[in-house]
There are 2 protein chains.
Amino acid sequence: MSKSEQLVDTALQLFYRQGFHATGVEQLSREGEVTKKTLYRYFPTKEALVEAALQRRDAQFMDELQRFVAPLPLAERPAGYIDFIVQWVQQPTFHGCFFINAVAEYAGCDEPAHRIAAAHKRALRSYLAQLCTEAGLEGAAGVAAQLFLLGEGLIVACQVEGPEPPLLAAAQATAAGWTRQGGVS
Amino acid sequence: MSKSEQLVDTALQLFYRQGFHATGVEQLSREGEVTKKTLYRYFPTKEALVEAALQRRDAQFMDELQRFVAPLPLAERPAGYIDFIVQWVQQPTFHGCFFINAVAEYAGCDEPAHRIAAAHKRALRSYLAQLCTEAGLEGAAGVAAQLFLLGEGLIVACQVEGPEPPLLAAAQATAAGWTRQGGVS
DNA sequence: GGAAAAGTAAACCGATCGGTATACAAAAGT
DNA sequence: ACTTTTGTATACCGATCGGTTTACTTTTCC
């Protein structure tokens, strides 16, 4: 693995665990086993490293989701999205959504980090719409939006309160309802 | 208004707009029209001011919600929660949920800020359960959890992508479905 | 009216922030 | 072989961080 990939990897982990402002470049270079000078060769600023970490997480997340959903029959894939989230929020390393966390720290809509996060969510929503269409659901676009909101809610609720069984159950019950009847309204 | 209330007020606004780590005590005292010395008389540390701001926001939010829901007939109050969120996320000052933002920056479950946020969400959930029970919904606890997840999802989705009409519509459609038929499963 | 409390203004503390500079050692490319 | 690139190690930069201190002025209250 190249030094720059190693750096992005480390940055992703540290930013995710500790937050962005709470992670300094000193720690990033130390933990990434690279000198500050080398870090600044590849990334002109800390912001650039933040953006690279977000891009990497985007690719990683979409890849994991697609792998999770692939073995399921087409009709079960929309609800499978919620199962994917349910499994994720129960992992001990879970600390919420990297992109939502980024937006919390970089509030300005013009900030690059915010724009990358918005782009990621837009891509995710369009992927969900595709899953719903392929599943033959009526009002696929609407169901996809509902599925998306449910997923986002489950992620942040479990980030704050932990993976409480009633929350997981509520999410799965809602998704199961849509899968059966094709969405409300 | 006392100096300490003035300070908490300012802190709430600044933390909400800029984030916690991005707001320094220098700015807090300047904008709060108080000397650093005075600030430190009332709050032994910045963390204490963070906690006070969270507590104030908890009271403020629950109060606004109750006021919004009060004029509605009992049966319409659960769905009214979503209307409350819909109206909130469209305000130009909206920057997401203060508590979710706090958890993003103070990730440790042991951190005071995180615990206050979790307590707020627990209180909100129990209030929603009360609304659902009073509305005579079957499976009130389950519907309340679904309502809660939907609201959380709408909040963060609009924080990242802005108040897009399809998102607002999806949330209201989902809530309307529950109000009519008493929840799924 | 006189002490105590609450306030201002501003200098100061060590630590850390993001980022740069200097000096030198391995690789790598041709 | 010789130059360029990539890397290390480390000291340094000005600015800001959270927090303290000193000296002086109100306000409050008995």
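Note that the structure is a prediction, hence the values are computed from the model and not measured. Throughout, a chain's letter reflects where its sequence line sits, starting with A, and its residues are numbered from 1.
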In terms of side-chain heavy atoms of [X], which of [options] is nearest?
| X | options | value |
| --- | --- | --- |
| A:K37 | C:dA9, C:dA6, C:dT22 | C:dT22 |
| A:T45 | C:dG19, C:dT8, D:dT8 | C:dG19 |
| A:Y40 | D:dG18, C:dG19, C:dA21 | C:dG19 |
| A:K36 | D:dG19, C:dT8, C:dG19 | C:dG19 |

Distance check needed: [N] [atom2] versus [X] [atom1], whole Å only.
| X | N | atom1 | atom2 | result |
| --- | --- | --- | --- | --- |
| A:E26 | C:dA15 | CD | P | 15 Å |
| A:L49 | C:dG19 | CG | C1' | 14 Å |
| A:L39 | C:dC17 | CG | C1' | 14 Å |
| B:H21 | C:dG18 | NE2 | P | 12 Å |
| B:Q27 | D:dG19 | CD | P | 16 Å |
| B:L28 | D:dG19 | CG | P | 11 Å |
| A:E47 | C:dC17 | CD | P | 17 Å |
| B:L7 | C:dA6 | CG | C1' | 14 Å |

### Query
According to a strict under-4.0 Å criterion, is A:T38 in side-chain N/O contact with OP1 or OP2 of D:dT8?
yes
### Query
Does B:Y42 place a side-chain N or O at less than 4.0 Å from the phosphate oxygens OP1/OP2 of C:dG7?
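For C:dG7, OP1 or OP2 has a side-chain N or O of B:Y42 closer than 4.0 Å.
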### Task
Compare all side-chain heavy atoms of A:F94 with those of A:I155 and state whether any distance is below 4.5 angstrom.
yes
What nucleic acid atoms does [X] come within less than 4.0 Å of, heavy atoms only: base, sugar-phosphate, or nothing?
| X | value |
| --- | --- |
| A:S4 | nothing |
| B:E33 | sugar-phosphate |
| A:F43 | nothing |
| B:S29 | nothing |

### A:Q66 atom CD: more than 12 heavy-atom contacts under 6.0 Å
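Yes - once you tally the heavy atoms of other residues, nucleotides and ligands closer than 6.0 Å, there are more than 12.
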### Task
May I ask you to check whether over 12 heavy atoms, not counting those of B:E33, lie within 6.0 Å of atom CD?
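Open: at most 12 neighbouring heavy atoms sit under 6.0 Å from CD of B:E33.
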### Task
Verify the ring-centre separation between B:F98 and B:F20: is it less than 6.0 angstrom?
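Close enough - the centres of the two rings lie under 6.0 Å apart.
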### Message
Let me spell it out: for each of A:T35 and B:V34, pick the nucleotide of DNA chain C with the closest heavy atom. Which residue's pick is nearer the 5' end?
### Response
B:V34
### Query
Which word best sums up how the rings of A:H120 and A:F99 line up, parallel for under 30°, tilted for 30 to 60°, or perpendicular for over 60°?
parallel
### Task
Would you mind telling me which residue lines up with the more 5' stretch of DNA chain D, B:A22 or A:R41, judged by nearest nucleotide?
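Taking each residue's closest nucleotide, the earlier one in sequence belongs to A:R41.
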